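First the proteins, then the strands, lettered A, B, ... as listed; each starts at 1. Since the model is a prediction, treat every value here as computed from it, not as a measurement. Heavy atoms only: backbone and side chains are in, while hydrogens, waters and symmetry mates are out.
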Amino acid sequence: MATAMALRVIRRKASIAARGFSSSCEAEKAAKPINLFSAINQALHIALDTDPRAYVFGEDVRFGGVFRCTTGLADRFGRSRVFNTPLCEQGIAGFAIGLAAMGNRAIAEIQFADYIYPAFDQLVNEAAKFRYRSGNEFNCGGLTIRTPYGAVGHGGHYHSQSPESFFCHVPGLKVVIPRSPQQAKGLLLSCIRDPNPSIFFEPKWLYRLAVEEVPEHDYMLPLSEAEVIRQGSDITLVGWGAQLSVLEQACVEAAKEGISCELIDLRTLIPWDKETVEASVRKTGKLLVSHEAPVTGGFGAEISASIAESCFLRLEAPIARICGLDTPFPLVYEQFYMPTKNKILDAIKATVNY
Amino acid sequence: FPLCPRISLPSSSMAAAAARRVSCSLLRRDHRHLLPLLRPFASSAGGQPQLTVETSVPFTGHKIDPPSRSVDTNPSQLLSFFREMSLMRRMEIAADSLYKSKLIRGFCHLYDGQEAVAIGLEAVITKKDAIITAYRDHCIYLARGGSLVESFSELMGRRAGCSKGKGGSMHFYKKESGFFGGHGIVGAQVPLGCGLAFAQRYLKEGTVTFALYGDGAANQGQLFEALNISALWDLPVILVCENNHYGMGTAEWRAAKSPAYYKRGDYVPGLKVDGMDVLAVKQACKFAKEYALQNGPIILEMDTYRYHGHSMSDPGSTYRTRDEITGVRQERDPIERVRKLIVSYELATASELKDIEKEVRKEVDEAIAQAKESPMPGPSELFTNVYVKGFGVEVSKPGRISDPK
């Protein structure tokens with residue numbers, strides 16, 4: 001039964017996946033090693049292919065976009081569905097909300113998350129509250145905003161920001177951040193198909209750098225479910241996006257010193273998966289959160305407060321937050337500003353030895 | 001471009017030849033100091049022969065009578081235009097090489113091709129007038145009196161930079177010259193510029209603000225907010241749209257229903273100017289300043305072109321043809337235009353101009369060498385100027401990094 005179903009899938013995807021398949025029940029779907037922007041590109045191709053009312057637009061997206069995420073879409077789906085907008089983020093967001101309110105899937109790109117602020121009012125006041133204030137008569141659930149965020153090594157003040165926490169303060173929105181190509185494709189498709197307005201932050205550092213086997217078929221990953229990507233017993237580490245690879249390196253180093261770290265990728269920041277984090281903290285008794293955004297008011301603060309509340313008696317050490325400094329994202333000082341592996345390792349040891 | 005424009009040189013042809021002989025010997029030495037001595041003998045009051053040159057095309061006005069296309073200038077001004085534009089051109093090209101050898105990192109937006117706008121503007125204003133622009137600001141900084149060393153240092157993130165190395169390419173500032181920088185977010189500088197003009201109106205010093213923005217920024221909502229407020233309150237602001245026809249990779253006709261940016265002000269008058277003709281820019285800016293002081297905002301659309309891509313990350317050839325770029329370079333290059341003017345009026349020979357270019361090149365190379373010596377700012381600078389010292393929160397968790405002092 002499962003094999004027959006798998007074979008049907010295989011025949012459908014024959015043109016894309018000309019590989020051999022195992023004959024097990026869960027037939028191995030064809031997968032290719034690709035980078036983050038290619039994975040996102042695949043997700044967008046699938047989204048537009050499977051829903052004739054899906055649109056992709058933003059600044060310079062038609063030629064492929066500044067990070068190549070939208071390559072080939074205009075050629076394949078036409079300029080009525082994949083089009084450039086003028087340089088007006090507030091307009092782009094407002095326009096996308098309207099399009100979504102008419103039942104379409106509006107996938108709008110904000111070229112760099114640093115530029116999202118003119119659109120902030122539209123997202124916070126219009127998108128997030130539409131369903132609520134109209135008593136469910138209207139909604140803009142088909143809205144997905146995609147935007148590259150985060151440090152890239154030389155981005156300076158306006159090409160490196162991590163503004164995710166501003167949006168985590170808005171009930172009605174979903175904020176999703178993938179850590180890798182395989183995750184990105186599934187999570188983006190989930191955001192696009194989720195009946196709530198979502199903001200998908202793409203870690204730009206990983207666009208070319210992260211390469212992974214990504215299944216070529218259409219798949220979705222669940223939102224609001226964190227993933228434990230490394231089991232451990234001494235301390236729980238929580239992060240998202242590009243920061244996870246830094247955390248992972250710290251885990252490896254800590255293991256050499258006999259500290260067993262449990263690493264959790266939050267994946268969806270709001271609504272976030274408290275249960276997974278709580279379960280882990282109940283196991284380890286210690287928590288460290290790490291993100292690139294400045295520490296004060298960053299999303300780590302929400303996680304800390306929440307876990308302190310729910311796991312107070314289990315905690316054996318104060319919750320550590322290793323985050324960006326409370327300065328504007330600097331130009332030449334990037335390596336001092338960032339929450340690096342050594343800072344994290346330092347904090348792991350301090351917490352474990354508290 | 002008319003090769004034989006109307007000239008009104010009062011001196012005879014003999015005198016003109018003599019002037020050239022004088023200028024020959026003067027130009028071989030340090031040109032700048034001796035420039036004021038370039039005075040022929042039989043000339044109008046004031047010492048320098050006045051030249052009147054016609055702009056390449058007449059101005060087009062929107063709800064305003066455009067100024068005349070006959071521009072007054074003089075030899076020393078033309079020669080200084082040539083030298084300064086060559087300096088800017090050289091600086092930008094040198095920045096390109098520095099970027100490719102990774103001495104400049106981050107984002108670097110080059111201005112070569114657009115020099116006439118910076119120079120023409122500066123020629124008719126004072127340092128008490130304010131200029132504010134977006135991120136393509138290296139040459140405006142230079143025009144406002146910034147030095148090459150500070151410029152290159154800032155690009156390389158060094159202490160000697162104009163923003164102490166903390167700003168980088170997009171954030172050059174010079175307070176004493178009324179240069180309010182250098183802004184990364186597209187369009188955000190325009191309402192700011194109108195605010196500067198608001199303050200100038202209170203000060204009553206007869207000063208104005210030039211708020212520069214690009215054709216991409218022209219579609220930002222905040223621009224229209226700024227226009228409305230400026231017009232409502234008669235602010236002495238001149239909004240200058242440096243229309244290089246591409247908002248990064250998007251051609252103007254793809255982004256704007258009306259690419260006639262000088263008309264976008266509707267109730268605010270506008271002027272369309274050939275931004276590759278430094279004399280046209282000069283005339284328009286002079287006209288605009290006088291207008292703004294009396295009446296309030298006016299828009300200047302500078303029809304210009306950038307040879308480089310949007311930034312160093314953009315080759316600039318995926319959305320425009322190489323033929324287009326070389327075509328503009330051949331037919332409209334601002335430096336070549338002035339060179340032809342100078343040579344045709346015999347203010348200097350072609351080889352003298354080449355000498356100036358060599359000198360300029362040397363100056364740029366020396367500045368780069370000096371800038372390279374400057375160290376990076378110290379680690380403690382990471383924390384300074386977030387708030388006013390003593391009035392803000394000290395950065396938390398200092399123990400995790402090297403001692404911030």
Side-chain angles (χ1 to χ4, degrees), chain A residues 59-67 79 83-92 94 111-112 114-119 121 152-161 294-296 320-328 330-340 342-347 350, chain B residues 102 104-107 135 154 156-158 163 165-171 183-188 214-223 247-252 254-257 310 313-314 318-319 376-377 379 381-386 392-402 404:
Chain A
E59 293 157 23
D60 303 297
V61 297
R62 270 193 56 200
F63 81 89
V66 288
F67 292 110
R79 59 177 65 189
F83 50 91
N84 286 344
T85 58
L87 213 165
C88 47
E89 288 74 18
Q90 184 170 27
I92 292 170
Q111 198 163 76
F112 281 85
D114 312 59
Y115 312 154
I116 203 170
Y117 306 108
D121 172 67
V152 72
H154 52 266
H157 321 86
Y158 299 115
H159 296 80
S160 317
Q161 289 177 41
V295 60
T296 299
R321 286 181 294 159
I322 300 301
C323 307
L325 300 174
D326 286 332
T327 69
L331 186 60
V332 296
Y333 299 108
E334 188 168 319
Q335 64 266 46
F336 295 108
Y337 167 92
M338 294 284 281
T340 55
N342 286 335
K343 288 186 196 176
I344 295 169
L345 195 54
D346 211 30
Chain B
K102 300 211 183 222
I104 297 176
R105 302 199 69 211
F107 292 84
Y135 41 78
E154 189 59 40
M156 295 194 277
R158 307 297 175 99
S163 304
K166 293 175 78 163
S169 162
M170 296 201 285
H171 306 288
H183 297 268
I185 300 298
V186 171
D215 46 292
N219 300 313
Q220 276 276 320
Q222 51 193 325
L223 210 85
M248 206 181 74
T250 304
E252 58 181 338
R254 280 198 219 271
K257 178 69 179 173
H310 165 75
S313 320
D314 170 28
T318 51
Y319 48 84
M376 294 280 196
E381 282 285 344
L382 172 52
F383 307 106
T384 58
N385 307 130
V386 178
V393 177
E394 289 305 308
V395 176
S396 57
K397 299 207 191 290
R400 295 280 179 251
I401 42 194
S402 57

* Asked: Is the A:H159 ring parallel, tilted or perpendicular to the B:F107 ring (thresholds 30°, 60°)?
  ->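 Judged by the thresholds at 30° and 60°, the geometry between A:H159 and B:F107 is parallel.
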* **Geometric class of the B:H171/A:Y158 ring pair [parallel <30°, tilted 30-60°, perpendicular >60°]** =>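 Tilted: the ring planes of A:Y158 and B:H171 meet at 30° to 60°.
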* **Option that, when pairs with chain A are counted at under 4.5 Å, heavy atom only, ranks first among B:P377, B:G184, B:G247** =>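 The option with the most such pairs is B:P377.
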Residue selection (most heavy-atom pairs with chain B, distance under 4.5 Å) from [options]:
{"options": "A:T340, A:D114, A:D60, A:T85", "result": "A:D60"}
{"options": "A:S160, A:P328, A:G153, A:C88", "result": "A:C88"}
{"options": "A:P330, A:G156, A:G155", "result": "A:G155"}
{"options": "A:V152, A:V66, A:N342, A:L331", "result": "A:L331"}

* Asked: So which heavy atom on A:P294 is nearest to which on A:T327, and how close?
  ->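 Where A:P294 meets A:T327 most closely, the heavy atoms are CG-O, 4.3 Å.
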* Could you pull out the closest heavy-atom pair between A:V61 and A:N84, with the gap in Å? =>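 Closest approach of A:V61 to A:N84, heavy atoms only: N-OD1, 2.8 Å.
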* B:A188 versus chain A, heavy atoms under 4.5 Å apart: side chain, backbone, both or neither? ->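 When you check distances to chain A, no heavy atom of B:A188 falls under 4.5 Å.
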* **Flag, side chain of A:E59 to backbone of A:Q111, donor-acceptor distance under 3.5 Å** =>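 No, because the side chain of A:E59 does not come within donor-acceptor range (under 3.5 Å) of the backbone of A:Q111.
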